[in-house]
Amino acid sequence: MSDHLPDRDRSRIRAADADRNLVAQLLSDAFANGQLTVTEYDERTAAVYRAKTYGELDVLTGDLVLSPPPARAPSGGSANDRVIAITSGAMRKGEWTAAARIDAFAFWGGIELDLRRASFSAEETTINCVAIMGGIEVTVPPGVSVEVRGMGIMGGFEHVSAAHPGAPRVVVTGFAFWGGVSVEIKDPDKPRIADA
């Protein structure tokens, strides 16, 4: 959010979608750190997407200790990636580079994160999934270590694990409320052969 606006003007300035997404991420981090209860997190997240001004967004994080943004990856690539689906769908599939941290937020929407053909930018990739009345599917290839630490409340958070020393590691964290997060280990799709 823009901090260069004077306080008296800031509270009346209209916020953009990027501002609402940033506050939703801050709330997700605060929930993961134990600063918010499930009910508080749910109420504040819903309020984020109804907010119209910076002032309304500021109220939602005013009592939280917010951690600084993560450092950038030394290779020049991004250390973070955000995948957001609000009453819509989003996908990362095929050949792509998975950031060290992926924040996936589905609110009345669906997200597919397919890592079977992805390149990993770090030895460990953390995927923080927040599914509220939505779904998130994570697919990893065999040979990748997987650990799931998420939880479901009136929703499902599928737990699978696989340990492969020396292999890339994927840690799936987060929370599903009236939604679901599934994690599956699956072979990459074989390329199609064109009919002769």
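All values below were derived from every heavy atom in this structure, side-chain atoms included, with hydrogens, water molecules and symmetry-related copies excluded.
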Working to the nearest 0.5 Å, report the span between [atom1] of [X] and [atom2] of [Y].
{"X": "Met91", "Y": "Glu112", "atom1": "CE", "atom2": "CD", "value": "4.5 Å"}
{"X": "Phe175", "Y": "Thr45", "atom1": "CZ", "atom2": "OG1", "value": "8.0 Å"}
{"X": "Trp108", "Y": "Thr87", "atom1": "CH2", "atom2": "OG1", "value": "8.5 Å"}
{"X": "Asn21", "Y": "Ile86", "atom1": "CG", "atom2": "CD1", "value": "5.0 Å"}
{"X": "Asp103", "Y": "Thr126", "atom1": "CG", "atom2": "OG1", "value": "9.5 Å"}
{"X": "Leu60", "Y": "Glu43", "atom1": "CG", "atom2": "CD", "value": "11.0 Å"}

Is [X] linked to [Y] within one hydrophobic cluster, defined over Ile, Leu, Val, Met, Phe, Trp and Tyr using a side-chain heavy-atom separation of less than 4.5 Å?
{"X": "Trp96", "Y": "Ile111", "answer": "yes"}
{"X": "Val183", "Y": "Ile185", "answer": "yes"}
{"X": "Val59", "Y": "Leu27", "answer": "no"}
{"X": "Val172", "Y": "Phe120", "answer": "yes"}
{"X": "Ile127", "Y": "Val171", "answer": "no"}

So, the side chain of [X] versus the backbone of [Y]: is there a donor-acceptor pair under 3.5 Å, distance only?
{"X": "Arg117", "Y": "Lys93", "result": "no"}
{"X": "Ser119", "Y": "Thr97", "result": "no"}
{"X": "Thr125", "Y": "Ala100", "result": "no"}
{"X": "Arg20", "Y": "Ala51", "result": "yes"}

Looking at residues at least two apart in the chain, or sitting in another chain, which of them share a salt bridge (Lys or Arg N to Asp or Glu O under 4.0 Å) with Arg82?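 By the salt bridge (Lys or Arg N to Asp or Glu O under 4.0 Å) rule, Arg82 matches no residue at all.
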If you take all heavy atoms of [X] and [Y], which pair is closest and at what distance?
{"X": "Val148", "Y": "Glu158", "value": "CG1-O, 3.5 Å"}
{"X": "Lys186", "Y": "Arg116", "value": "O-CD, 3.1 Å"}
{"X": "Val144", "Y": "Ala167", "value": "CA-CB, 4.4 Å"}
{"X": "Met151", "Y": "Phe157", "value": "O-CD1, 3.3 Å"}
{"X": "Cys129", "Y": "Val138", "value": "SG-CG2, 4.3 Å"}
{"X": "Ala30", "Y": "Leu64", "value": "CB-CD1, 3.8 Å"}

Return yes when atom CD of Glu123 has more than 12 non-hydrogen atoms of other residues, nucleotides or ligands closer than 6.0 Å, and no otherwise. no
After noting the C-alpha distance and the side-chain angles of Arg92 and Asp81, does the key distance pass the side-chain contact (heavy atoms from CB on, under 4.5 Å) rule? CA-CA 11 Å; Arg92 295 281 191 280; Asp81 187 12; 3.1 Å; yes
Relative to each other, are the rings of Tyr49 and Phe107 parallel, tilted or perpendicular (30° and 60° limits)?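 Rings of Tyr49 and Phe107: parallel, as their planes differ by under 30°.
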